[in-house]
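Quick note: numbers below take in every heavy atom, side chains included, and nothing from hydrogens, waters or symmetry partners.
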Amino acid sequence: KIPTAETPQDEALSKSVQDGLLADKKVDLTGVKVVSSGGTVYLTGTVKSLDARQQAIKIAWAAPGVQSVVNALVVQK
């Protein structure tokens, strides 16, 4: 279940992950939405390839303060 409300700390974590996703030039991760709850980052939305999906997970894990990543990304057919 994906949380709908974020604490200021969660918001900062989400922003950090989102910034990382948008900064990535290898794959298009603009369709990824990020929500955080207590150190868990939830990735939702669509990506264009399995590579992009893996990259999004890698970027999420790289953000400081991330304790777990829940991947609900859909790969476009």
Would you say Gln18's side chain and Val32's backbone share a donor-acceptor pair under 3.5 angstrom? yes
Using a 4.5 Å cut-off on heavy atoms from C-beta on, say whether the side chain of Leu21 contacts that of Val34. yes
In Å and rounded to the nearest 0.5 Å, what is the CD to CG distance from Gln55 to Asp28? 12.0 Å
Non-neighbouring partners of Lys15 that pass side-chain contact (heavy atoms from CB on, under 4.5 Å), sequence neighbours left out: Asp19
Nearest 0.5 angstrom please: Leu29 CG to Leu22 CG, how far? 8.0 Å
Verdict with reasoning, Val27 to Val47, per side chain to side chain contact (heavy atoms under 4.5 Å, CB included): CA-CA 9 Å; Val27 287; Val47 289; over 6 Å; no
Got a sec: does the CD of Glu11 have more than 12 other heavy atoms crowding it under 6.0 Å? yes
Apply side chain to side chain contact (heavy atoms under 4.5 Å, CB included) to Val75 and Thr46, showing your working. CA-CA 6 Å; Val75 178; Thr46 53; over 6 Å; no
Do Glu6 and Ser37 get their side chains close enough for a donor-acceptor pair, meaning under 3.5 Å? no
Spacing of Lys58 atom NZ and Asp24 atom CG [to the nearest 0.5 Å]: 8.0 Å
Gap between atom CG of Asp10 and atom OG of Ser36 - 0.5 Å precision: 5.5 Å
Distance-only criterion, 3.5 Å: show the donor-acceptor pairs between side-chain atoms of residues 59-73 and protein atoms not counting sequence neighbours.
residue, atom, partner, partner atom, Å
Ser68, OG, Thr40, OG1, 2.9
Asn71, OD1, Leu73, N, 2.8

